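Read the structure below first, then the notes.
In this text, all values refer to a predicted model and were calculated from it rather than measured experimentally. Reminder, nothing fancy here: chain letters follow the sequence lines and each chain counts from 1.
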2 protein chains.
Amino acid sequence: MAAGTRLETHIRAAGFKLTPPRRAVLSVFGKDEHLSPEEIFRRARKSHPRLGRATVYRTLELLTDLGIMRPIYLHGGRPVFTRIEGGHHHLVCSRCDKITELAGDGLAETIKRLAKRNHFEIRSQLLEVYGVCAKCRKRK
Amino acid sequence: MAAGTRLETHIRAAGFKLTPPRRAVLSVFGKDEHLSPEEIFRRARKSHPRLGRATVYRTLELLTDLGIMRPIYLHGGRPVFTRIEGGHHHLVCSRCDKITELAGDGLAETIKRLAKRNHFEIRSQLLEVYGVCAKCRKRK
DNA sequence: CTTGGTGCAAAATGTTTGCATCATA
DNA sequence: TATGATGCAAACATTTTGCACCAAG
């Protein structure tokens, strides 16, 4: 679990303690995983049964403050958490709720350029384009 | 209040009743206004004091279903509502929470082009770039 | 051994729902 | 006047907080 190890190092480097509950939370994240606090709780408890919900929330807050993870609000305003790196550019279909990653194509670069013009230091990008996906348009 | 009138017409056209509470909710939205349900409730109650919170939520849901408004989730996952038209491109400073509109510059067009390539029909765009604004960087 | 981290339970917050009443179309 | 809309209060879901105890560094 290289990714997990890297995250763990990050926590210690920032001067925070690396505890079993925190390891359990970190361990459930693969790359590009989008998980709700409740789902994280359920999964992490498998490796650390004593885990409480409050600790999940506190750990997610810590990880967010450290710039390791970030919440994304998609359906109904409930958050899912994901690793912060990379651009998160989504086409969200409001019919079938399918989320398509909108890859590359100079989008991230365009955004960086615009941000630079505003002297803004980018930490994370999130683009959500809402509408109707190709499949649902046909099925109309 | 041309905008308000236009929205009211939209509601009737869709076969819904135009009631005082709904007019009160609609009336608080200027253009580019981003308001939380609670703030909408507070403002709308000035023109219609009997208004209840539930009606605000129900009206916002209706307006969202009609494609007139949309929720945006910025700070701490609490929604703010805004008119759906136009691109909503924000630079969000995680130090001071200031939100800067990232205007034009071909961004909306770039996104449209990419969506078209995916045969995706755009209804609304939302870009959130998180990071540190110019002012806060200096103040470091 | 010191300080930050944890789990539990209670509290706070934000949103939804059931229902009797009201008013638009 | 029929049906959809409203306000109220209770229910609900999610997140935060207080506190005594625990363990990583």
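Note on A/Thr19: a side-chain N or O is less than 4.0 Å away from OP1 or OP2 of C/dT6. Listed pair A/His48 / C/dT6 fails the phosphate criterion, with no side-chain N or O lying under 4.0 Å from OP1 or OP2.
The residue among B/Lys17 and B/Tyr57 whose nearest nucleotide of DNA chain C is located toward the 5' end is B/Tyr57. Each of B/Pro21 and B/Arg78 lies near DNA chain D, and the nucleotide nearest B/Pro21 is the one positioned closer to the 5' end.
As a whole-Å value, the separation of A/Leu60 CG from D/dT14 P is 15 Å. Rounding to whole angstrom units, CZ of residue B/Phe81 and C1' of C/dT15 are separated by 11 Å. For the pair A/Asp65 CG and C/dG5 P, the computed distance is 12 Å after rounding to whole Å. Here D/dG4 presents its P atom at 11 Å from CZ of B/Arg22, a figure rounded to the nearest Å. Atom-to-atom, CZ of B/Arg50 to P of D/dA9 comes out at 12 Å; the value is rounded to the nearest Å. The nearest whole Å value for the distance from the CD atom in B/Glu38 to the P atom in C/dT16 is 14 Å. Taking atom CD1 of B/Ile40 as the reference point, atom C1' of C/dT15 lies 14 Å away to the nearest angstrom. Rounded to whole Å, the distance from CZ on B/Arg53 to P on C/dT16 is 14 Å.
A salt bridge between B/Arg78 and B/Glu38 is absent, with no side-chain N of the basic residue lying under 4.0 Å from a carboxylate O of the acidic one. Look at A/Arg22 and A/Glu8 and you find no salt bridge, because none of the NZ, NE, NH1 or NH2 atoms lies under 4.0 Å from a carboxylate O.
Among the atoms of the strands shown, none is found under 4.0 Å from any heavy atom of B/Pro49.
With rounding to the nearest 0.5 Å, the separation of CD1 in A/Ile111 from CG in A/Leu126 is 9.5 Å.
A donor and an acceptor atom never sit less than 3.5 Å apart when one is taken from the side chain of B/Arg58 and the other from the base of D/dG4.
Neither side chain, A/Arg70 nor A/Thr64, offers a donor N or O lying under 3.5 Å from an acceptor on the other. A side-chain N or O of A/His89 and one of A/Gln125 form a donor-acceptor pair less than 3.5 Å apart.
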